[in-house]
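Below is one structure, written out as structure tokens; comments come after it.
Here the structure is a predicted model, which is why all the values come from computation and not from measurement. Atoms considered below: every heavy atom in the structure, side chains included; atoms not considered: hydrogens, waters and symmetry mates.
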Amino acid sequence: MGFHRRLASPSGFNRGAGAALCVLSAAAAALGAVPATAAPHDDTRAEVDRLYEEAEKATEAFNKADENADALREEVDEAQDRIARQQERINTMRDALGSLAGAQYRAGGLDPSLALLFSDDPDDYLDKAAVLDRIGVHQAGELKELQTAMREIAQDRTEASGKLGELEKSRKAVASHKRSIEKKLARARQLLNALPSGERAAYDRASRSGRADMPDLGNAAPPSARAAAAVAAARSALGKPYVWGANGPSGFDCSGLMQWSYAQAGVSLPRTSQAQRYAGRQVPLSQAQPGDLVTYRSDASHVAMYMGNGQVIHAPYPGAPVRYDPVHMIPGATATRV
């Protein structure tokens, strides 16, 4: 089943994006060797594979931008809640200071010596004057606290405004990556539809030629209970459709499948395939055990789960459901033990 042909080196993409349209690998490979006389159709299929790979890059960028947008939304919500609480505190302090100021004004409207002269009870007057002195000291402290709170809320509002600006940029990035993905996939479908019916049927059969049944996975055991749970979850997803940007349970892209499978084991993985490469301890591919993550290419643009006996399970690309394929289906594989 080692049928994946090597493609041109992938180009770079935005900001270390992540979770993959996971396209190219199994698609191109499943076609196998084609006679030289079929060059025109070979060219079409190669162009489809190239578009799928580019869509994979854009999907990773989409996932990363979407992840950033989610984090920024949380930060903005927290900042707005904090500002609302601060504003309520400031309003309370202002009310208290206003009451104290009114009391002092009313008490101090008469010259102290005259107030003492006309007082029915000089001792009571002196007691009140002492209380007002203490109120003045307390009021000064309250005023200082109010000024500090107002400076803090001004700073928080400035930071929240900056976060809102970042969030808007991130939203635009998500929309841009989404348009890029849709454009490339639409072009790939257009090319496939232009193939003669026999060639198109052959391509469709090839894209689904990975085994959805249980291959011989050998006797290797997962290295931990959580890896075993993740393996069981990934197996339960066999046959589910590839959906770009999805992380289950009804559809997956490649890193979405890994994230969902480990979530069923109580482990939180990052969203993108690049981040998943470093979500655990790197191990030699020759020592991979069931449950290990296998990332592909120098940019980690595709990820699968090792299942044993040289087999992985993954979400390949649109039109190809979650399935088993050989671990060496794409060059540049590395293994990570979560």
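By the 4.5 Å heavy-atom criterion applied to side chains, Asp253 and Arg271 are counted as neighbours. Side-chain contact check for Leu257 versus Val322: some heavy-atom pair is nearer than 4.5 Å. Side-chain atoms of Gln311 and Pro215, non-hydrogen and from C-beta on, do get closer than 4.5 Å to each other. Looking at heavy atoms from C-beta onward, Leu238 lies in side-chain contact with Tyr324 at the 4.5 angstrom threshold. Between Leu185 and Leu51 there is no side-chain heavy-atom pair separated by less than 4.5 Å. Counting heavy atoms from C-beta on, the side chains of Thr336 and Val283 never come closer than 4.5 Å. A 4.5 Å side-chain heavy-atom check between His314 and Asp325 finds at least one atom pair inside the cut-off. Residues Ile313 and Arg323 are not in side-chain contact: their nearest non-hydrogen atoms beyond the backbone lie 4.5 Å or more apart.
In this structure, Leu293 CG and Thr334 OG1 are separated by 9.5 Å, a value rounded to the nearest 0.5 Å. Separation of atoms SG (Cys254) and CH2 (Trp244) is listed at 14.0 Å; rounding is to 0.5 Å. To the nearest 0.5 Å, atom CD of residue Gln282 and atom OG1 of residue Thr295 are 6.5 Å apart. Annotation: the span from Glu78 atom CD to Glu74 atom CD amounts to 6.5 Å, rounded to 0.5 Å.
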Item to check | Derivation of the side-chain contact (heavy atoms from CB on, under 4.5 Å) call for His302 and Ser273 | outcome: CA-CA 6 Å; His302 188 80; Ser273 55; over 6 Å; no
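Side-chain heavy atoms closer than 4.5 Å link hydrophobic residues (I, L, V, M, F, W, Y) into clusters, and following such links, possibly through other members, connects Leu195 to Leu191. Side-chain heavy atoms closer than 4.5 Å link hydrophobic residues (I, L, V, M, F, W, Y) into clusters, and following such links, possibly through other members, connects Val303 to Val267.
Taking a cutoff of 4.0 Å between a charged side-chain nitrogen and a carboxylate oxygen, Arg277 and Asp299 do not qualify as a salt bridge.
For Tyr262, the ring pair (Phe, Tyr, Trp, His ring centres under 6.0 Å) test picks out no residue, with sequence neighbours left out.
No donor-acceptor distance shorter than 3.5 angstrom exists from the side chain of Tyr278 to the backbone of Arg281, with no hydrogens or angles considered. Side chain of Tyr296 to backbone of His328: no donor-acceptor contact under 3.5 angstrom is found. Distance alone, capped at 3.5 Å, is enough to place a donor-acceptor pair between the Lys240 side chain and the Pro249 backbone. Checked by atom type and distance alone, the side chain of Gln276 pairs as donor or acceptor with a backbone atom of Ser255 at under 3.5 Å. Using modelled atom types, no side-chain atom of Asn247 and backbone atom of Trp260 make a donor-acceptor pair closer than 3.5 Å.
What you find for Pro290 and Ala220 is that their closest heavy atoms are CG-O, 3.6 Å.
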What donor-acceptor contacts under 3.5 angstrom involve side-chain atoms of residues 226-237, with partners at least two apart or in another chain?
| residue | atom | partner | partner atom | Å |
| --- | --- | --- | --- | --- |
| Arg226 | NH2 | Val338 | O | 3.2 |
| Ser236 | OG | Ala233 | O | 2.5 |

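Listed by first and then second residue, the salt bridge (charged side-chain N to carboxylate O under 4.0 Å, His left out) pairs that reach into residues 284-293 are Asp292-Arg337, sequence neighbours excluded.
The number of heavy atoms from other shown groups lying within 6.0 Å of CG (Asp81) is above 12.
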